[in-house]
Amino acid sequence: MSKVYTSPKGTAVYPRIDTPDTKFDEDGLFSCKLHVSEGDFKAFEAQVNKEVEAAYRAECSKQGKDKVRKAPSKPFRITDDGDYEIFAKQKAKVHTKTKGTLDFSVACYDSQGKKIETPKIGSGSELKMACEVNTWFVPSQGFGYTLRLRAVQVIDLVEYGGGSGNFGFGAEEDGFVGNGETFTETFKSNDEAETPNAPF
């Protein structure tokens with residue numbers, strides 16, 4: 001299982017977690033933008049960057065160069081309004097040569113760390129995200145990385161339309177509680193699935 005990073009708590013902006021967005025990709029894309037405090041943003045980025053830099057050095061060695069171009073886009077950014085934003089995504093379908101089409105989803109847990117059926121999570125919800133680093137190299141763009149969204153923990157739910165572990169999610173007092181099972185399952189299907197090394 002790849003290393004999973006648990007984000008700090010933040011406010012979700014236009015999350016697509018219960019159903020994938022198919023507007024620009026017919027295979028569908030789950031995603032979430034999370035606005036966090038400056039301190040949490042910097043600490044989480046520093047944590048992720050350790051793995052990214054190791055992967056970058058490995059890619060430079062593979063290419064036989066001291067440096068390779070870095071893609072400009074990153075999952076960490078400061079918005080025009082000054083918000084500290086972390087962006088994670090996951091394709092709903094991945095087409096492989098050996099295993100055909102693989103279906104993916106984003107698991108959901110309540111504030112007590114229990115797995116639940118994913119509610120209609122809307123903007124303004126307070127969440128944590130469980131992410132994996134996905135690095136890639138494309139000659140035309142260079143080296144880059146994304147955060148692959150594996151799971152979310154709902155601390156405070158705002159529904160839209162009205163109304164190996166444990167991914168590092170612990171219990172949060174006075175938070176959203178579902179009626180699901182205990183958070184003890186692992187995502188073997190995702191870990192065992194063959195996915196292409198591409199920027200998704």
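Keep in mind the model is a prediction, meaning the values are calculated, not measured.
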Side-chain heavy atoms under 4.5 angstrom apart, residues restricted to Ile, Leu, Val, Met, Phe, Trp, Tyr: same cluster for [X] and [Y]?
X: F137; Y: Y56; answer: yes
X: V13; Y: Y84; answer: no
X: V52; Y: F44; answer: yes
X: V106; Y: V133; answer: yes

Does any part of the side chain of [Y], heavy atoms only, come nearer than 4.5 Å to the side chain of [X], both counted from C-beta?
X: P119; Y: L157; value: yes
X: I86; Y: F41; value: yes
X: T146; Y: P75; value: no
X: S125; Y: P15; value: no

[atom1] of [X] to [atom2] of [Y]: how many Å apart, nearest 0.5 Å?
X: Y109; Y: K114; atom1: OH; atom2: NZ; answer: 13.5 Å
X: S111; Y: K128; atom1: OG; atom2: NZ; answer: 10.5 Å
X: Q47; Y: T6; atom1: CD; atom2: OG1; answer: 8.0 Å
X: C60; Y: R69; atom1: SG; atom2: CZ; answer: 14.0 Å
X: L147; Y: K89; atom1: CG; atom2: NZ; answer: 10.0 Å
X: L29; Y: L149; atom1: CG; atom2: CG; answer: 9.5 Å

Task: Modelled atom types, side-chain donor and acceptor of D21 and Y14, under 3.5 Å - done: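 No - no donor-acceptor pair under 3.5 Å links their side chains.
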Task: Between H35 and T11: side-chain donor-acceptor atoms closer than 3.5 Å - done: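 No, because no side-chain N or O of H35 sits under 3.5 Å from a partner of the opposite role on T11.
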Task: Trace of the side-chain contact (heavy atoms from CB on, under 4.5 Å) decision for V94 with T101 - done: CA-CA 6 Å; V94 174; T101 299; over 6 Å; no
List the atom of [X], the atom of [Y], and the distance in Å for their closest heavy-atom pair.
X: V36; Y: P8; value: CG1-CG, 4.0 Å
X: N134; Y: W136; value: O-CD1, 3.7 Å
X: A12; Y: G122; value: CB-O, 4.3 Å
X: R148; Y: Q90; value: CG-OE1, 2.8 Å

Presence of salt bridge, [Y] and [X], under 4.0 angstrom:
X: E51; Y: R57; result: no
X: D25; Y: K91; result: yes
X: D18; Y: K120; result: no

Open item on the list: For F87, give me all partners under ring pair (Phe, Tyr, Trp, His ring centres under 6.0 Å), at least two apart in sequence or on another chain.
Closed with: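 For F87, no residue satisfies ring pair (Phe, Tyr, Trp, His ring centres under 6.0 Å) once neighbours in sequence are set aside.
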Task: Any residue meeting ring pair (Phe, Tyr, Trp, His ring centres under 6.0 Å) with Y145, in chain and number order, not counting sequence neighbours - done: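 With sequence neighbours excluded, Y145 shows a ring pair (Phe, Tyr, Trp, His ring centres under 6.0 Å) to no residue whatsoever.
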Open item on the list: Walk me through whether C32 and M129 qualify under side-chain contact (heavy atoms from CB on, under 4.5 Å).
Closed with: CA-CA 9 Å; C32 184; M129 302 188 298; 3.8 Å; yes
Task: Other residues, nucleotides, ligands: >12 heavy atoms within 6.0 Å of E26 CD - done: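 Result for CD/E26: open.
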Open item on the list: Determine whether F30 and R16 satisfy the following criterion, side-chain contact (heavy atoms from CB on, under 4.5 Å), listing intermediate values before the conclusion.
Closed with: CA-CA 5 Å; F30 298 103; R16 293 299 300 260; 5.7 Å; no
Open item on the list: Under the side-chain hydrogen bond (donor to acceptor under 3.5 Å, both in side chains) definition, can you give me all pairs with a residue in residues 73-83, not counting sequence neighbours?
Closed with: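 Applying side-chain hydrogen bond (donor to acceptor under 3.5 Å, both in side chains) to every pair that reaches into residues 73-83, excluding sequence neighbours, yields E45-K74, R77-E85.
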Open item on the list: Tell me whether Q153 contacts the main-chain N or O of D110 through its side chain, where contact means a donor paired with an acceptor under 3.5 Å.
Closed with: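 Yes, Q153 side chain to D110 backbone: donor-acceptor pair under 3.5 Å.
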Open item on the list: As a quick check of understanding, evaluate side-chain contact (heavy atoms from CB on, under 4.5 Å) for C108 and I17, giving each step before the final call.
Closed with: CA-CA 9 Å; C108 187; I17 298 169; 5.6 Å; no
